[in-house]
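The chains referred to below are lettered A, B, ... by the order of the sequence lines, with proteins before strands, and numbering in each begins at 1.
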Number of protein chains: 2
Amino acid sequence: MSGKTNAVSLLDRRATRRAASRAEIVEAAWLLVREEGLAGLSMRDLGDRVGMRAQSVYSYFDSKDDIYDAMFRQGYEEQLAWMADDEEAAGGFEDPATRLRVMAHRFFAFCTADPVRYQLLFQRTLPGFEPSAASYAVALAALEQMHAGFAQAGITDPAAADLATAVLTGLTSQQLSNDPGGMRWERLVDRAVTMLIREIAPHLLAKPDKPTTRVRRTP
Amino acid sequence: MSGKTNAVSLLDRRATRRAASRAEIVEAAWLLVREEGLAGLSMRDLGDRVGMRAQSVYSYFDSKDDIYDAMFRQGYEEQLAWMADDEEAAGGFEDPATRLRVMAHRFFAFCTADPVRYQLLFQRTLPGFEPSAASYAVALAALEQMHAGFAQAGITDPAAADLATAVLTGLTSQQLSNDPGGMRWERLVDRAVTMLIREIAPHLLAKPDKPTTRVRRTP
DNA sequence: GTCTATAATCTGATAGAC
DNA sequence: GTCTATCAGATTATAGAC
């Protein structure tokens, strides 16, 4: 019995070490693409970063695209966690409009925190790369989470959700390609959200507990 | 006299031929990046396309980045021409709101017509590439043309123009990274424009020659 | 202005010893 | 699982003949 237990725990240790090495490699890959650009990742540089020969990396990943795939998946897992934190912080205490506003700012922050991650996750800039089915499933889960957030804010019309998503990610890609310091992007996001609410869910602005009958935005 | 004239025209012919070759190379470069991606451009492939050895291309361009720079400039020249055609077609006959709407759709069409051009012009995805001062000046001219269009529609607030630009280019980048066939993007653009007008220039929706007192959009 | 030749370096990936 | 050795080729760019 003890022999079997030892064998199992040995396998466990090996699996753990392997997973740790894989994670280390992926982490190094992120550092590299932030410096050299997404397409500038090379197995040689990657090996140097983790203290291996480039060829040894192939013990952990089948190919370069396999590494991109792991990064892709990790990115969406990060989004899921990041936006879930938001939900938790909201805790159901906020009204739908504020909920939507917080969600928008948080998503904006997630995207702009790492431009190259945004590039990998939301733009098709790597020619030939296609995420695996498993990684794409995580991407779909993140999208679903987003739609669930919209639904909580009373936005069930798919076209409305599309518009909101498009405007939000659009603002992000604008921020990333333009001078990040020159504009008041937080303000721009806030104004866009207000505009969106009035367009797709005006009832959120006419709340009963606040005796504001005017539909216009309060400054 | 005739000698001097001949000399000049000879130089002219040479300059013309040289310009034609440069244009041919740039055109081939566009074809290549549409197939291989923006970062996938190689001097070898480029030479093959124009029927030269790769090394001969260096007679026309100092470096690979010099070619990107020419493409960058040409892209913005195309935008200037494309949007100027729009102005001409409008001819001052349209009301400001329609003017804004047409402008938005036309810009959207320009961007989505060539995804890789959009990538080069509006996104910073080529690591290390910086446009030359001359090319950047063309980019600024295109931006100024855009702002002039907004001004004609009565939108003078810089923040409002920023919001409009961000939402428009944002919708574009969304369309480019997502399934182009799955959504009704033209409708989405139209709805975004209506939303923008109501947000940044509501007076455009309450026109005197159309006795519509309702602020809501007419279907 | 185009060529050949070539420098000098990088690329992803595999075979096989240990 | 890491290494050496290596394949088979790519890359940008330069030198110099013609």
Side-chain angles (χ1 to χ4, degrees), chain A residues 7 9-29 31-33 35-72 120 125-130 132, chain B residues 7 9-29 32-33 35-72 125-130 132:
Chain A
S9 69
L10 220 165
L11 286 178
D12 277 354
R13 264 206 297 274
R14 280 185 188 170
T16 305
R17 283 182 63 90
R18 184 179 168 80
S21 294
R22 275 182 63 102
E24 193 190 346
I25 289 170
V26 169
E27 198 47 53
L31 292 174
L32 268 173
V33 295
E35 292 172 12
E36 307 290 334
L38 204 52
L41 179 66
S42 87
M43 301 298 275
R44 261 174 159 79
D45 291 349
L46 188 51
D48 285 354
R49 281 292 173 105
V50 294
M52 284 181 189
R53 302 277 82 190
Q55 298 90 324
S56 301
V57 180
Y58 285 91
S59 300
Y60 297 96
F61 294 93
D62 288 342
S63 68
K64 197 176 152 183
D65 271 4
D66 198 17
I67 294 172
Y68 281 132
D69 191 64
M71 297 166 79
F72 180 90
L120 177 60
T125 172
L126 271 182
F129 169 69
E130 288 291 330
S132 65
Chain B
S9 70
L10 218 165
L11 286 178
D12 277 355
R13 263 205 298 276
R14 281 186 189 170
T16 304
R17 283 182 65 90
R18 184 179 171 81
S21 293
R22 275 181 64 101
E24 192 189 347
I25 289 169
V26 169
E27 198 48 52
L32 268 174
V33 294
E35 292 172 11
E36 308 289 334
L38 203 52
L41 179 66
S42 87
M43 301 297 275
R44 257 175 161 80
D45 292 349
L46 188 51
D48 286 355
R49 282 292 173 105
V50 294
M52 285 180 189
R53 303 277 84 191
Q55 298 91 325
S56 302
V57 179
Y58 285 92
S59 301
Y60 297 96
F61 294 93
D62 287 341
S63 68
K64 198 175 151 183
D65 271 4
D66 197 18
I67 294 172
Y68 281 131
D69 191 63
M71 297 166 78
F72 180 89
T125 172
L126 271 182
F129 169 70
E130 288 291 331
S132 66

Asks: Please confirm whether the shortest side-chain N or O distance from B/Y58 to OP1 or OP2 of D/dA15 is below 4.0 Å.
Replies: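 For B/Y58, the contact criterion (side-chain N or O under 4.0 Å from OP1 or OP2 of D/dA15) is not met.
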Asks: With the side chain counted from C-beta on, respond yes when A/F129 and A/D69 share a heavy-atom pair under 4.5 Å apart, and no when they do not.
Replies: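 Result yes, sub-4.5 Å side-chain heavy-atom pair found.
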Asks: Send over the distance from B/R53 CZ to D/dA17 P, rounded to a whole Å.
Replies: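 Whole-Å distance recorded here is 20 Å.
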Asks: With a non-hydrogen cut-off below 4.0 angstrom, is B/S63 in contact with a base, only sugar-phosphate, or nothing?
Replies: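 Result for B/S63 = sugar-phosphate.
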Asks: Can you find a pair of side-chain heavy atoms, one from A/K64 and one from A/L46, that are under 4.5 Å apart?
Replies: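 In short, these two side chains do not touch, never coming nearer than 4.5 Å.
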Asks: Identify which nucleotide among C/dT11, D/dC3, D/dA5 has an atom closest to any side-chain atom of A/M52, counting heavy atoms from C-beta outward.
Replies: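 It is D/dC3.
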Asks: Using a cut-off of 4.0 Å on non-hydrogen atoms, how would the nucleic acid contact of A/R18 be classed: base, sugar-phosphate, or nothing?
Replies: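 Touches sugar-phosphate only.
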Asks: Whole Å only: how far is the CG atom of A/L32 from the P atom of C/dT11?
Replies: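 It is 10 Å, rounded to the nearest whole Å.
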Asks: Can you tell me which nucleotide in D/dG1, C/dC3, C/dA5 comes closest to the side chain of A/S59?
Replies: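 The nucleotide sitting nearest to the side chain is D/dG1.
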Asks: Does B/L46 reach a base, just sugar-phosphate, or nothing at all? Heavy atoms under 4.0 Å.
Replies: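 The answer is nothing, as B/L46 stays clear of every strand by at least 4.0 Å.
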Asks: Look at the side-chain N and O atoms of A/S56 and state whether any lies under 4.0 Å from the OP1 or OP2 oxygen of D/dC3.
Replies: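 Looking at the OP1 and OP2 atoms of D/dC3, one of them is under 4.0 Å from a side-chain N or O of A/S56.
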Asks: Is the shortest side-chain heavy-atom distance between A/V33 and A/L120 below 4.5 Å?
Replies: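 Side-chain contact under 4.5 Å: no.
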Asks: Side-chain N or O of B/R44 less than 4.0 angstrom from OP1 or OP2 on D/dT12?
Replies: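 So the side chain of B/R44 is outside the cut-off, no N or O lying under 4.0 Å from OP1 or OP2 of D/dT12.
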Asks: Testing A/E27, A/E35, A/E24 one by one against A/R49 for a salt bridge (charged side-chain N to carboxylate O under 4.0 Å, His left out), which residue passes?
Replies: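 Exactly one pass, corresponding to A/E35.
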